[in-house]
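Just so it is clear, the structure is predicted and the values come from calculations on it, not from any experiment.
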Amino acid sequence: MKGLKITIIVLIVVALLGIGGYYYINKTKTNNNKNEVNNNQTNENTDTENKEENTEEIYKDVINNYKQAKEEFEKDDTLAIEKKYPLVSEILIAHAVRYKENNVEIAYTYYDIDNNGIKELILGIKLTDSNKLIPAAIYTHTSNYEVKKLYYQNTIERGNLSIYDNGTLYSFGSGGAALHYYGFYKIASDGTSLETLENIREEYTTDNTVKYYNENNNNELSYKNLDEITGKYINTAKEIELTATATIN
């Protein structure tokens, strides 16, 4: 009888130890899982912060080139700026220098145009009493941080570039009172080059008749064609209002 009591006591102790061990193991696993989730969240937040910090670092050489090119062009406006600084838009530099007394400045910001997680560097002009950025040049970078030129606006005084929330770039330019250009573009699937969607030329003839042509094949278009193309790319989209992050003095 005494032996039976001892056996029962031993079994109860073992059972209690088993329950306690099971609770301890599961609690440890739960804590480990929580720690792993917290670590992952911390890593993700750190990665996001690093990406934000890296954006300025990635494009800093382009910004510095603009600063240097602008200083040199102010001293000698006959310099072939783009030969010395291949990533710099000479048209943008010349416009800012020419209209400096009118409070025109070169400014820039960062914006993910094609929503692929990489922010493009957008340079343009702004007035000193406004933060609104009028875009004129766009840059992006590869996965190994090589900067690529995506787009230069060919004219600033007689044209403009608009960026839409569906990723469309819409460019208007004038070659004079009788000649206008309309361009529709997007960033290509490789993320580092520009894809032409449509290029249209508008001409006024001597009898004041307006004709439209597809620049890719020189085929004549009707106004209805132009209206359909515009509607296809931007009529249902919203133009992005860009705010300057900093200026290049």
Side-chain angles (χ1 to χ4, degrees), residues 49-114 116-128 130-163 167 169-171 173 183 185-188 190-196 240-249:
E49 291 172 1
N50 287 339
K51 286 179 181 177
E52 293 295 328
E53 292 172 0
N54 283 342
T55 298
E56 293 184 13
E57 182 68 21
I58 291 165
Y59 294 116
K60 72 174 184 179
D61 287 343
V62 178
I63 301 300
N64 288 335
N65 282 349
Y66 268 92
K67 289 179 180 178
Q68 293 165 4
K70 183 172 177 288
E71 289 174 2
E72 292 180 24
F73 197 79
E74 284 174 331
K75 296 175 183 176
D76 183 359
D77 61 8
T78 65
L79 290 174
I81 293 296
E82 289 184 12
K83 286 186 177 180
K84 185 172 183 180
Y85 303 100
L87 289 177
V88 168
S89 168
E90 187 169 332
I91 288 175
L92 180 53
I93 294 285
H95 184 86
V97 172
R98 185 177 296 125
Y99 294 101
K100 185 177 182 180
E101 293 182 359
N102 295 336
N103 298 320
V104 171
E105 299 176 314
I106 298 177
Y108 62 91
T109 191
Y110 308 103
Y111 186 83
D112 186 0
I113 296 172
D114 54 347
N116 69 344
I118 292 176
K119 287 186 177 181
E120 278 70 46
L121 167 65
I122 304 173
L123 283 111
I125 59 171
K126 77 173 211 62
L127 300 177
T128 54
S130 170
N131 260 345
K132 181 180 179 181
L133 178 68
I134 302 171
I138 303 173
Y139 304 83
T140 191
H141 65 82
T142 63
S143 58
N144 62 347
Y145 310 117
E146 180 185 359
V147 175
K148 298 282 188 179
K149 175 184 75 176
L150 275 178
Y151 180 86
Y152 286 170
Q153 180 71 356
N154 290 330
T155 176
I156 297 176
E157 297 171 17
R158 291 186 174 185
N160 68 280
L161 171 66
S162 299
I163 301 172
L169 307 179
Y170 170 59
S171 171
Y185 312 93
K186 71 173 184 178
I187 299 177
D190 63 9
T192 58
S193 61
L194 202 66
E195 178 181 340
T196 300
I240 302 298
E241 293 185 5
L242 297 169
T243 302
T245 299
T247 58
I248 295 177
N249 299 317

Quick note, salt bridge (charged side-chain N to carboxylate O under 4.0 Å, His left out) partners involving residues 78-95, not counting sequence neighbours, are E72-K84
Return the minimal non-hydrogen interatomic distance between [X] and [Y], and the atom names on each side.
X	Y	answer
L133	T243	CB-C, 4.4 Å
G173	T155	CA-CG2, 4.0 Å
A136	L92	CB-CD1, 4.2 Å
D114	N116	OD1-OD1, 3.1 Å
A137	Y152	CB-CD2, 3.8 Å
V88	I93	CG1-CG1, 3.6 Å

Hey, could you give me the [atom1]/[atom2] distance between [X] and [Y], rounded to the nearest 0.5 Å?
X	Y	atom1	atom2	answer
T55	H141	OG1	NE2	6.0 Å
E120	D112	CD	CG	5.5 Å
I106	K100	CD1	NZ	10.5 Å
D61	Y85	CG	OH	12.0 Å
N54	K60	CG	NZ	11.0 Å
I58	L121	CD1	CG	10.5 Å

Measuring only between side-chain heavy atoms, which start at C-beta, is [X] closer than 4.5 Å to [Y]?
X	Y	answer
Y145	E57	no
S193	K148	no
T140	Y59	yes
L123	I248	yes
I134	K126	no
Y99	I125	no
E105	N249	yes
V104	R98	no

**Message:** Classify the ring geometry of Y108 against Y110: parallel below 30°, tilted from 30° to 60°, perpendicular beyond 60°.
**Reply:** perpendicular
When you look at I122 and I163, which way does the side chain to side chain contact (heavy atoms under 4.5 Å, CB included) test go after all the steps?
CA-CA 10 Å; I122 304 173; I163 301 172; 3.8 Å; yes
Residues passing the ring-ring contact (aromatic ring centres under 6.0 Å, His included) test with Y185, sequence neighbours excluded, are Y151
Applying ring-ring contact (aromatic ring centres under 6.0 Å, His included) to Y111 and not counting sequence neighbours gives none
Salt bridge (charged side-chain N to carboxylate O under 4.0 Å, His left out) evaluation trace for K70 with E74 | CA-CA 6 Å; K70 183 172 177 288; E74 284 174 331; 3.0 Å; yes
Taking it one step at a time, do L169 and I113 satisfy side chain to side chain contact (heavy atoms under 4.5 Å, CB included)? CA-CA 9 Å; L169 307 179; I113 296 172; 4.2 Å; yes
**Report entry** side chain to side chain contact (heavy atoms under 4.5 Å, CB included) between I63 and E56, worked out
**Finding:** CA-CA 9 Å; I63 301 300; E56 293 184 13; over 6 Å; no
